[in-house]
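Counting from 1, the numbers follow the sequence of the chain as shown.
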Amino acid sequence: KQYSKGELAGFAEMLACVVNSLSNTGNEFNFHDVLGEIYMSDEVHGRSKWDNDVAFTPYAVSYMMAKITDVEIPERGYFTFCEPACGTGVMIIAQAAALKDRKINFQQVMHATAVDVRSVFVHMTYIQLSLLHIPAVVIHGNTLSGEQWSEWKTPAHAIGLWDARLRRDFKAVGLPAVKKAIELNQALTQGSFNFQLNGGTNDEASGRIERPSTLRSTVSTSVLKKR
């Protein structure tokens, strides 16, 4: 689509509004889920037929959970954070805020991996984590089926050389340990329950078509026999 000059100017103004909302005077971050709050407002939410099952966690709840968790930093100097259904990345934002409140540099000690099946949420998460300079890889994919269509690395991920750091520690753990973890995960997901997922074609992955992910779980016959 060819955008008009007015539309292009509007994009710049919207980006400026998001930047200002996530910034405070004195070069301080203003941690909150600005895009999530806008999306869940009456003006936006419900416009798409796929919004029926969407309900983002409020920032206050996410922040409370981050404070309760009170993450300890491992000896290697950082921890990894995985959000398998990230929405707009509010859980990651709240964790960064909780670390900053403890006078800990979240840009050095936390790396996040965020996944969502809807491209619009992936884009919103990437924008917010990039502007807050949170090291992260945002993936457009399906956590349950393992499908992955695109990958977005934040500037903080690149500047912090996180590819090298994660690769180094991956080698330190050792391939046998990784294989064992993968086998355990497969046993847990394929044992008692058989999860079947519908949705997720290449067209949907590119963002041309949005389609909700519907999960159906069927208890295996072996479990029923035991009962």
Side-chain angles (χ1 to χ4, degrees), residues 15-37 56-116 121-141 143 148 150-178 180-182 185:
L15 178 59
C17 289
V18 175
V19 172
N20 290 336
S21 181
L22 294 174
S23 306
N24 275 337
T25 54
N27 297 321
E28 290 291 328
F29 292 118
N30 180 25
F31 292 99
H32 69 122
D33 183 20
V34 54
L35 294 181
E37 292 165 7
F56 292 153
T57 306
Y59 177 78
V61 176
S62 301
Y63 181 75
M64 178 194 68
M65 294 170 65
K67 295 290 283 186
I68 290 173
T69 307
D70 198 22
V71 177
E72 293 184 7
I73 313 301
E75 291 183 6
R76 66 185 179 185
Y78 71 91
F79 68 94
T80 55
F81 185 111
C82 182
E83 174 57 283
C86 63
T88 51
V90 62
M91 292 286 188
I92 300 171
I93 295 171
Q95 186 60 252
L99 288 170
K100 192 172 188 302
D101 288 345
R102 294 165 55 191
K103 309 299 181 185
I104 297 175
N105 187 345
F106 62 89
Q107 298 167 356
Q108 296 293 327
V109 303
M110 180 183 80
H111 185 275
T113 300
V115 186
D116 207 285
F121 298 158
V122 170
H123 298 159
M124 288 194 287
T125 297
Y126 179 78
I127 290 171
Q128 297 199 124
L129 299 189
S130 293
L131 292 176
L132 291 170
H133 204 67
I134 297 175
V137 176
V138 186
I139 297 171
H140 181 205
T143 303
Q148 179 176 327
S150 63
E151 185 180 88
W152 304 64
K153 297 178 180 179
T154 63
H157 172 93
I159 294 171
L161 303 177
W162 279 97
D163 276 336
R165 294 178 69 179
L166 296 170
R167 193 181 303 115
R168 177 196 63 197
D169 291 324
F170 176 82
K171 290 180 179 178
V173 169
L175 192 57
V178 175
K180 185 176 180 181
I182 293 173
N185 180 63

Worked verdict on Leu132 versus Leu22 for side-chain contact (heavy atoms from CB on, under 4.5 Å): CA-CA 7 Å; Leu132 291 170; Leu22 294 174; 4.2 Å; yes
Any donor-acceptor pair under 3.5 Å from Glu151 side chain to Val137 backbone: no
Flag, side chain of Thr143 to backbone of Pro84, donor-acceptor distance under 3.5 Å: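 A pair under 3.5 Å: yes.
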Spacing of [atom1] belonging to [X] relative to [atom2] belonging to [Y], to within rounding of 0.5 Å:
X	Y	atom1	atom2	result
Met64	Thr57	CE	OG1	10.0 Å
Arg165	Thr80	CZ	OG1	11.5 Å
Ser23	Leu131	OG	CG	7.5 Å
Lys153	Ile139	NZ	CD1	9.5 Å

Are any non-hydrogen side-chain atoms of [X] and [Y] less than 4.5 angstrom apart?
X	Y	result
Met124	Ile127	no
Ile134	Thr154	no
Val71	Val109	no
Asp70	Arg102	yes
Asp116	Thr125	no
Leu129	Ile93	yes
Tyr63	Asp101	yes

What are the two closest heavy atoms between [X] and [Y], and how far apart are they?
X	Y	value
Met110	Tyr78	N-CB, 4.4 Å
Ser21	Val34	OG-CG2, 3.4 Å
Ala94	Tyr59	CA-CE1, 3.9 Å
His133	Pro155	CE1-C, 4.4 Å
His32	Gln128	O-OE1, 4.2 Å
Pro135	Gln107	CG-O, 3.4 Å

Output field: ring centroids Phe31/Phe106 closer than 6.0 Å: yes
Trp152 and His140 aromatic centres sub-6.0 Å: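 No, ring centres 6.0 Å or more apart.
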Parallel, tilted or perpendicular, as decided by the 30° and 60° cut-offs, for the rings of Phe56 and Phe121: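 Aromatic pair Phe121/Phe56 classed perpendicular.
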Residue among Val61, Asp33, Leu35 satisfying side-chain contact (heavy atoms from CB on, under 4.5 Å) with Val90: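 Looking at Val61, Asp33, Leu35, the match for Val90 under the side-chain contact (heavy atoms from CB on, under 4.5 Å) is Asp33.
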